[in-house]
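What follows is one structure encoded as structure tokens, with my remarks underneath.
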Amino acid sequence: MPQPAPASPPALNSFDEFTRLDQVILGRAEHYNAHHTDTSWRLFFYDNVAPVLGRHANASGEELLPIPGQLVDELNEDIAGLADALTGCGVKVLRPATPGKDIDIRSPHWDARATPPLNVRDQTIILGNTIVETPPHVRARIFENDLLKPVFYRYYRDGANWLSMPRPALTRDSLDTAYFTRKNLDVSRATDGESAGVIEGLGLEMVFDGAQCMRLGRDVLVNVANHNHELALRWLRDNIRDLRFHRLDAMADNHIDSVLVPLRPGLMLLRSPAYLKYLPKAMQSWDVIYAPETDDSNFPDYSDLGFVIPIGSRYMDINLLSIDENTVVVNSLYPELIQVLEGRGFTVVPVRHRHRRLFGGGFHCFTLDTVRRGGPEDYLS
Ligand SMILES: NC(=[NH2+])NCCC[C@H](N)C(=O)O
């Protein structure tokens, strides 16, 4: 299965999620020892954290939610395992710089403890030969991509194009709660005590994460769940003229890679049949593998470690990373999925990943595939 990389590696080229992977950026977790649970964080993770908000991460000023060091060490161990597995598959693994220390950041309107560059899928989309940096929802993430800049400059020097969506101010009025209103959810518990400043006349901004997109050659699926996202979709359409962007109407609160993973042309992994209706017509007739049921014993028990909040759902492990159309890297702690994929003829590379629900990311989130062999193919007709 390991295939030699092409003699002179191409500059940035990544149009899809499944053609042969040659180069990838893999995130890192050093100094990920707290979640800064301000309003922007609580809203972003509301679907998962709502049940515990009242108990702890409320507006009482306890905004920094510590993560026990043992869990960060174990996460780093699992990421090292992922790096080895990718290298073993012949993939060149690039890493962001480390923050080196805990970093507190301050804008004119708020302050936050910076999030390390772990989920590198979220603040960038690679669209062919273009790096597109996206405008974060979570304030603590606003400078995260600085640590990817050494790698981005490398690709830029080799001919990549590089764009950034406008940086949001993320004031008190910037974020749209329409997704929750639509679902009749009261988010006042997340927004009470909001202390960020306001800019008169600004209102809702362009706010969007790369992980709201799923790339399929010349087509890109884009999850739009509120006006922040709507503005971003317009930006994508205006600035990237040669791809087709398909609006998925509120398929999820934000990211969609724990809902949908295209495995190869005509075959996708989907969280459940309820999500089919959000997809473009052409994809509704694709063959589907539905996420098999999993069991609590596959998730660590944190009860003796004090308080930790799962910010990710039980479906995080759908979030696999494809090496090619027949080879996938899957969490070894989701044996039910491994079995189904092997039954469908996939070669599965199992890698252990314990704390996916605490850090909000699986293998797709932790990686940004910068070089794949596919081009702007039309997979939807
Ligand atoms: N790119 C990512 N960070 N994706 C993670 C998506 C997690 C999703 N909100 C869930 O809880 O299942």
Side-chain angles (χ1 to χ4, degrees), residues 14 17 24-29 32 35 40-53 75 78-79 82 96 115-126 132-138 140-141 144-145 148 179-180 183 185 190 207-215 220-226 229 232 248 250-262 269-272 274-275 278 290-291 293-294 298-299 308-322 329-331 333-334 337 353 355-369:
S14 187
E17 311 287 338
V24 74
I25 305 175
L26 170 61
R28 57 195 325 151
Y32 207 150
H35 288 305
S40 69
W41 185 93
R42 285 180 260 152
L43 278 175
F44 190 78
F45 294 108
Y46 197 72
D47 265 356
N48 291 306
V49 303
V52 289
L53 273 181
L75 174 64
D78 291 353
I79 295 174
L82 177 58
T115 307
L118 172 63
N119 289 294
V120 293
R121 179 71 57 184
D122 301 351
Q123 309 303 325
T124 308
I125 331 165
I126 306 296
V132 179
E133 293 188 80
T134 53
H137 180 295
V138 176
R141 304 191 71 175
E144 201 177 304
N145 275 0
L148 281 97
Y179 172 81
F180 305 104
K183 290 176 76 181
L185 287 172
V207 170
F208 184 79
D209 271 12
Q212 292 177 226
C213 294
M214 206 41 95
R215 300 161 309 149
V220 183
L221 312 186
V222 182
N223 180 42
V224 173
N226 61 39
H229 307 160
L248 310 182
M251 187 189 206
D253 49 354
N254 43 68
H255 302 164
I256 52 173
D257 52 358
S258 71
V259 175
L260 163 73
V261 181
L269 176 60
L270 197 63
R271 193 186 281 196
S272 81
Y275 290 95
Y278 295 97
Y290 290 109
E293 286 297 316
T294 182
N298 292 331
F299 295 96
V308 284
I309 290 189
I311 63 171
S313 72
R314 298 170 51 87
Y315 298 95
M316 194 62 81
D317 295 328
I318 295 177
N319 200 272
L320 54 76
L321 180 69
S322 294
V329 183
V330 181
N331 191 351
L333 301 178
Y334 193 6
L337 179 61
H353 179 17
H355 306 305
R356 60 274 204 211
R357 297 191 62 200
L358 293 188
F359 295 91
F363 297 152
H364 191 261
C365 315
F366 286 3
T367 51
L368 190 64
D369 29 9

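One-based numbering, in listed order, for ligands and for the atoms of each.
Checked options Leu43, Asp47, Leu185, Val224; the residue passing with Tyr179 is Asp47 (criterion: side-chain contact (heavy atoms from CB on, under 4.5 Å)). With Asn331 as reference, Asp317 is the one residue of Asp78, Asp317, Leu82 to meet the side-chain contact (heavy atoms from CB on, under 4.5 Å) rule.
Here the heavy atom of the protein found nearest to atom 9 (N) of ligand 1 is Asn48 ND2, 4.1 Å. Here the protein heavy atom with the shortest distance to atom 12 (O) of ligand 1 is Ser313 OG, 2.5 Å. Among all non-hydrogen protein atoms, the one lying nearest atom 8 (C) of ligand 1 is Ser258 OG, 3.4 Å.
Between Thr294 and Arg314, the side chains place no donor N or O within less than 3.5 Å of an acceptor N or O (distance only, hydrogens not considered). Side-chain atoms of Asn254 and Gln212 include no donor-acceptor pair closer than 3.5 Å.
Proximity to Gly360 (heavy-atom distance under 4.0 Å) selects the following atoms of ligand 1: 3 (N), 5 (C). Using a 4.0 Å cut-off to heavy atoms of Asp257, the atoms of ligand 1 that qualify are 1 (N), 2 (C), 4 (N), 5 (C), 6 (C). Under a 4.0 Å criterion applied to the non-hydrogen atoms of Cys365, ligand 1 contributes the atoms 1 (N), 2 (C), 3 (N), 4 (N), 5 (C). Atoms of ligand 1 lying under 4.0 Å from at least one heavy atom of Asp122, given by number and element, are 1 (N), 2 (C), 3 (N). Residue Gly312 has at least one heavy-atom neighbour below 4.0 Å for each of these atoms of ligand 1: 11 (O). Every atom of ligand 1 is numbered from 1 in the order shown, and the set under 4.0 Å from a heavy atom of Arg271 is 12 (O). Listed by number with element, the atoms of ligand 1 under 4.0 Å from a non-hydrogen atom of Met316 are 5 (C), 7 (C).
With Tyr290 as the aromatic partner, Arg271 does not meet the cation-pi criteria of under 6.0 angstrom to the ring centre and within 45 degrees of the ring axis.
Of the possible donor and acceptor atoms, one in the side chain of Asn223 sits under 3.5 Å from a partner among the backbone N and O of Ala252.
Within the 4.0 Å heavy-atom criterion, the part of Ala211 lying near ligand 1 is the side chain and not the backbone.
Checked against a 6.0 Å centroid threshold, the rings of His255 and Phe44 count as neighbours.
The pair Asp209-Arg121 does not meet the salt-bridge criterion, since no charged nitrogen lies less than 4.0 angstrom from a carboxylate oxygen.
Checked against a 3.5 angstrom limit, the closest N/O atoms of Asp253 and ligand 1 fall outside it.
Shown here for Val220 and Cys213, the closest heavy-atom pair between the two residues is CG1-CB, 3.9 Å.
Within the set His364, His255, Arg356, the minimum heavy-atom distance to atom 3 (N) of ligand 1 is found for His255.
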